Each structure stands twice: as structure tokens, then as C-alpha cells.
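Bear in mind that the values here come from a model prediction, so they are computed numbers and not experimental data. Lettering follows sequence order; numbering is per chain, from 1. FYI, side chains are in, hydrogens and waters are out, and symmetry mates aren't considered; it's all heavy atoms of this structure.
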Amino acid sequence: MHNFLALVKVNLKNTFSMTDGKQKKSALNRFLPVFILIALLPSIASMYFLTQDLIGILSPIQQTGIVVALLLMGVSITVFFFAIFLVPSVYYFSKDVETLLALPLQPWVIVASKFVVTVIYEYFTLFFFALPVLAAYIVKVQPPVGFYPILLVVLVLLPVVPLIFASILIMSIMWLVPFAKNRDFFNYLSMFFALGLALGINFLAGSAATVSQDVLIDLLMRGNNSLTSVFNLFIPNIRFAVEALVKISLVDTLIYVGIVVLASAAFVALAQIVYFRGAIGVNETSANRKRLKGKAYSKSTVSGNVILTYTLKELKLLFRTPIYLMNCVLSAVLIPGIMIASFSMQLGDTSELRQIIDSIPWGTPQLSLYILAGGAAFGWVITSLNLITPTAISREGQNAYFMKYIPMSYFAQMSAKVLSGMTISLLGIVCFILPVAWFIKLPLNLTLIAFAASVLSSVFMNYLGMIVDILHPKLVWEQETSAVKQNLNAVFTMVPAAGLSFGIFFLIGKLPTEGWVSLLIFLILIGLDFLLVYLTKRVAEKAMPRMLG
Amino acid sequence: MIQIENVTKVYSGKVKAVDNISLTVQDGEIIGFIGPNGAGKTTTIKMMTGILSPDTGRVLLNGIDIVQQPIEAKRQFGLVTDNPDVFLRLKGIEYLNFMADIYDVSEADRRERIQRLAETFEMSAALNDKILSYSHGMRQKIVVMGVLVHSPNIWILDEPLTGLDPQSAFALKEMMRKHAGEGKTVFFSTHVLEVAEKLCSKVAIINKGKIFYFGTLENLKKDYVDMSLEEIFLEVTRNA
């Protein structure tokens, strides 16, 4: 037990440590909690008010328990989805398994300590989702005193079962997929498979929760939170948690806890068998040791423009490092992909949505302004999500000194890094705007407006991310995960991204709907881009010489 | 030529990592930079190469100030750092070609040099594999090759022989001799005193950020008669 606690402590320190322990807290670090709060405030507030409205509707028919069911279900699915990304990082790519195996530790200690780290990690997810909804629920419903201790137990144990599901899923894939000789390929394949499965389960969970209209009306008429029973649920212990909270039931609480304890014990026992078989040698890579000859050698030694060469190097590292591929590249393509998929599923040839879209008068000046704003907002948001430029220097880690001794100006290096970010942003933009334009039959001129606006806003956001990372690089890390996932630089780009997106729609609402307004907005976007390019140059020249010093 | 003039570096406002050192390395010399762990060797090399800025003093490489004209100064040297774990997900050949592009090496030159260096360091069969698949010694070799591919005038090498197999270590030492023989400059740090003894025209001994000796080994031995280089080194650093 002593070993277990010691390992948990070390793992937590490694996972959540934000500084190298030498530097004093910078002003940026001190204000970080405030920044994060500002970034999350709009979402938290809207969740709070949305919940209040929902309770207002459900209260007269005595169905407020649905809010609890929705919350627990929503948190569980979110935990599961995040865990698909988290579990490979903590269990497989952290590169510590072989070190730990050489220590006199029992296998369960290693597995359980890693599991505890993932559970604590998921509390952040839980905190963000649960707090505003629960606050609204408590204010509106005013549950009895017995609700609170049960709530505490439920929340503390809530991430455990979805995490176990995700962990077993990932571990099985890592163990069973037979590409052991080529670990890189195997890692990529596992990731895509796991992502596909996670999305599939999400869709299934959504459709499983649907019931026929007659049953629904019957349950509604019965009142007394009877509707909560339809949230039946691929996470088996949730129904007991819902019953426990809605009916203040000790028996249901005990069943809920019992399931969590049993599932945890079973997981640790199973993981001891499955985990180590997949984890050992996961960081090895294949080598052919084949001599390069003739044309292949000539092709490999072609000279190129230095900025393009540097950009290509950045892209190769992004695509070849599984953690970066997952967090920086796939996120940029996957999010638009999911949006398109769910949108296209609702949009048949005869649906109401199709009829509404078909009746949209595309030619009006007001609409073209909103298309422009939508394009710009999409560019800001999708770029702030890909994390490439806000982590471009952080990802160099201890090798960042390389940037300082090569004969290439800092601005040229930053431009190459921005270019790599732009490449992925463009991929996301093309993957989204073209299919949407096709689905909604958007005229070509409006498609071009949306595309141009999103490219311009994407340039802005990429340079902004670059400036943030020049000023606040996270260079001390042991695992690649820390450079991207535990790097709060992304928050500093997400706040302005959200602000600008709201701002542009607000601006359009206030301005007259004439052609010159579009031109004005384009000029503003171009002006902002030039400003950011200039600032990047200044900041790089000033801050880079001091970096690592 | 390397000129280090009254250079000081203070960390966190307190610790003097390098304390007012001055050295001039003439063309055609191989300088061994010797000192115990934490003596200030790597900090000095970092200031010579623009990774760190000196708090006082200046560093000139072939007469060019590394702080005032950084890009021009950086074209004068090639650096082998003490950490060969760079760009592990690039293939060896991609890394070398990348370095050749950064230093603007012509296609003909890079092809000839990469082929020659790969033969010398027995890396021909590994060039098309990712650096991640290399052993520590192979990573050290690819980093050395990345420097030699652009044929810099000044070589600055931080512990370059660590991890190299005997053949490759021998080949690198021969290259260093040849480079100096062509009237160019080699500056390298090492812990291996025998290497310094056999290879260097001069040694600089640094401890606690200060240079305690800079000159030929013959002159140093005259001051410490009947003592081995190891004993001399221990004596000098003990009295620091």
C-alpha cells in the first residue's frame, strides 16, 4: 500500500506539474486561474441558465429528476470520450512502464496507480460539467439534506465505471491488434479504431435512449420522476445513482458503490493480464536497415527552400508523433467531421430542415454578412482547437536550444511553425466549408466569402498562438502529452477566439446591411493579420534570445 | 578563430556559472575544454553558440560577434551538443537533408558528403530509418554527421565522443586533426583526459566558472613534474 501511494504521488506530480521547479511564477502563471475562469464563464453561465429553464418546464409535471439523469449520463459519456484520448497517453505513451517494471513493484500497484491518475484527471471534466447544472438544480429544486452526502459519494465515484470501460477497450486493442512488429503503425491504427468505436458508442447511446411516443407520454403522465427510468444506460450503475439522488435512497447508494468497487477490483485483476502484454515495447519503432541507393538517395537529398523545409519538418513531427497527431491534427479534422456527419444525418431530401434550408434567400446582403461572420468565427474557433502554434515551441521541449544556434532568424522559424499550423487549419476549413456549402446548396460567391474569411481569421489565430507560446513556452516535460494536453497556452487563444466570434456577430447586428460593410470587415480582418505578423516578429526578436537563459 | 572576452554568466542573479573568462583560439588549433561536472563548460559553449547571452563580455567567431550579428556568426560554426536525442521521429537522411537546407549546402556537396560520412561512420544502412530506432551511439553519429554535412569552419563539440564505438571515435578524432590541419578551429569539451592529451594543441581547464589554465600540455607538465595528466587535473581543480 505504501508503494501504491508513493507511485500515485509521483505520477500525479509528473502529470500535473506545470513548471520546471526553478523558475518563479510568471505574471502569466499567476493570472492563469482568472484567464481560465473568463474562458469558461460563458459556457458555465449558459449551462446554469439552461438547466434552470429545463427545471422550470419539468417541475410542474414532477419530472425534475430527468436533470439528474441527464447530468450523470452526460458526464459519463464525456468522461468515456475523453478517456479514449487520455488512456493511451497515461498507460502507453508515458514511456515509464519499462522503468517501473524494473522496480520491485507488484503489477497491480502500477495499474492501480495509473488508474487513480486518470480518475483524478477526469474530475476536471466532471467539475466543469456538473457544477453549473448542480448549482441550478439545488437552487431551483431545493433537495432535502440527505441529498448532499449521496451527491458527494456519487460524484466522487462517477468517472470510475466509464473510465474502466475506456481503459479495457484501449488495453484490448493494444493487446490484440496483430501489428506488433510495427508499433508506430499499430499505434495509429489503434487510435483510429478507438475513436471510431467511441463515436459509434455515442451514436448508439443516443439512439438507445429513444423510446416510443406512447411510452413517453405514459411516463410523463405518471409524474414523480418516472421518466428517469428511460435513461437506461450503457453505464450500468448510473440508474442506481439517479434513483439514490432523486429518491434519497440509501439502498440504491449502496448498490451504486458496490458496483463501482466490484468493477474496480475486476478491472485491476484483468488489467494486470492485458495491460503489460500491450505496453511492453510500445515505444520501440521499426527499422529496415536498408541502404538508400540511386534514385531513392537522390530524391532524399533534394535541396529546398529553408522555410518550406522547416515547415515540412514540423508537419512530419506532428504526423509521426501519435500524441501530436491525435491532439493537434485529428482534433482539427475530426471536430468538423463530426459536425458534418451529424448534420448530414438530419438532412435528408424531405426533412423539415431541408425545406427550411431550401427556402433561404441567399441573395440578401444581410445573409452574406452573416456568412462572412460565420466563416471568420469558424476560422478562429477551429484554429484555436488545433493547438499547433500555441504549443509549437513547447513541443520542442529540452531541444528548443536547436532554434537558437542555427543560422535562421527567429521570425523565419516562427513563420515556418505558423505555416504548419495554417496547413492543418486549412485542412479543417476545407473539410468543413466545402461539404456544408454542398449540403445547403450555398452559392459559389458566398462559399468563397466564407472560405476567405475563415482563412484570414485562421492566420490571425495561428500567429496569436505563436506569440503566446513564444512568451510562455512549456519546455520542461517528460512526456509528449504534457507539451500539448497539459499546456494552458491553448486557453490563451481560446478566450480571444470565443470573444472575437461573439464580437463579429455583435458588430454585424449593429452595422447597416450594405455592401461596403463586408469590405470593411474584410479590411479589418486583413489589418488584424498584418498587426499579428508584425507583433510576432517583435516578440520573437525580443523574447527568443532570453528563452532557456 | 574564437575570441572569448571577459565573459560572465550569472543564473538567477546569484550563481556565477561562468566568471569573467577570456580565451583566444587561433586558426589551426584543437582546444580541449576540461573541467569537472558543473564547472561551466556547457554554459560557456552555450554562450559561444548563441543559445545563451553573456551577462558581460563578448564572443567573436571569426571576428563576428554572436550577439550583434547572430545569423552571420552562426554560419561560422557547427555544434554537437551533449544530447543526441533530437528530432527522433525524422529519418536519419531527413535530418541530414534538413541540416543541409538550413545551412544552404548545394545538392552535389550534400550528396557527396552524406555518402562519405555514412561510410566513415558505418551508417549507410541506417539512414532511411527513423532516429528513434537508433542506439545512443548511432544518434551521436547522426548528430556529428549533421554538423559535418555543412562543413563549418569552426567545430564546437560538447562531449562528442560519448557513446561512440572505437572505430567511429577514431574516425572523428582523425577528422578533427585533419580539420585543424587545414587551418580551421576545433573546440571540444571532454572528461577523457587521455583524449585531450593525444589530440589537443592546447587545453583550457575550467572549474567553478573560472579558467585555471589555458596553454599547451607541455607547459602545464613543466609546472607539475612527475605527475600524470589525471593527477595534474585533480591538483588544479582541487586548488580552485
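Heavy-atom distances place no part of B:K46 under 4.5 Å from chain A, backbone and side chain included. No part of A:Y324 comes within reach of chain B, as not one of its non-hydrogen atoms sits under 4.5 angstrom from that chain. Heavy atoms of B:E94 lying under 4.5 Å from chain A belong exclusively to its side chain. For chain A, the nearby part of B:T81 is the side chain; its heavy atoms alone come within less than 4.5 Å. In this structure, the portions of B:A126 lying under 4.5 Å from any heavy atom of chain A include both its backbone and its side chain. With a 4.5 Å cut-off on non-hydrogen atoms, B:M123 does not touch chain A at all. For B:L96, no part lies near chain A; criterion is any non-hydrogen pair under 4.5 Å. In this structure, chain B has a heavy atom under 4.5 Å from the side chain of A:K316, while its backbone stays farther away. At a 4.5 Å heavy-atom cutoff, the contact between B:D85 and chain A is made by backbone atoms alone.
Contact record, B:D27 with B:G183: CB-O, 3.2 Å, taken as the closest heavy-atom pair. Closest non-hydrogen pair, B:A171 versus B:T120, comes out as CB-CG2, 3.7 Å.
A search for ring-ring contact (aromatic ring centres under 6.0 Å, His included) contacts involving A:Y405 returns A:F402, not counting sequence neighbours.
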Show which side-chain atoms of residues 28-41 of chain B pair as donor or acceptor with protein atoms under 3.5 Å away, not counting sequence neighbours.
residue, atom, partner, partner atom, Å
B:E29, OE1, B:Q26, N, 2.9
B:E29, OE2, B:K202, NZ, 3.0
B:N37, OD1, B:H191, NE2, 3.1
B:K41, NZ, B:G35, O, 2.7
B:K41, NZ, B:P36, O, 3.2

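In terms of heavy-atom pairs under 4.5 angstrom with chain B, the leader among A:L292, A:V306, A:T301 is A:T301. Counting heavy-atom pairs closer than 4.5 Å to chain A, the top-ranked of the candidates B:L52, B:V105, B:N128 is B:N128. Between chain B and the options A:S409, A:S298, A:S300, A:S303, heavy-atom pairs under 4.5 Å are most frequent for A:S303. The choice from B:T49, B:V67, B:T43, B:I102 that makes the most heavy-atom pairs within less than 4.5 Å of chain A is B:I102. Between chain B and the options A:Q398, A:R289, A:M547, heavy-atom pairs under 4.5 Å are most frequent for A:R289.
The environment of A:Y534 atom OH is sparse: at most 12 non-hydrogen atoms of other residues, nucleotides or ligands sit within 6.0 angstrom.
Between the side chain of A:K404 and the backbone N or O of B:I51 there is at least one donor-acceptor pair closer than 3.5 Å. Proximity of a side-chain donor or acceptor of A:T391 to a complementary backbone N or O of A:L387 within less than 3.5 Å is detected. Side-chain N or O atoms of A:N489 include none that pairs as donor or acceptor with a backbone N or O of A:G465 at under 3.5 Å.
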request  = Kindly determine whether B:D55 and B:T8 satisfy side chain to side chain donor-acceptor pair (under 3.5 Å), including the steps that lead there.
outcome  = CA-CA 6 Å; B:D55 293 328; B:T8 298; over 6 Å; no
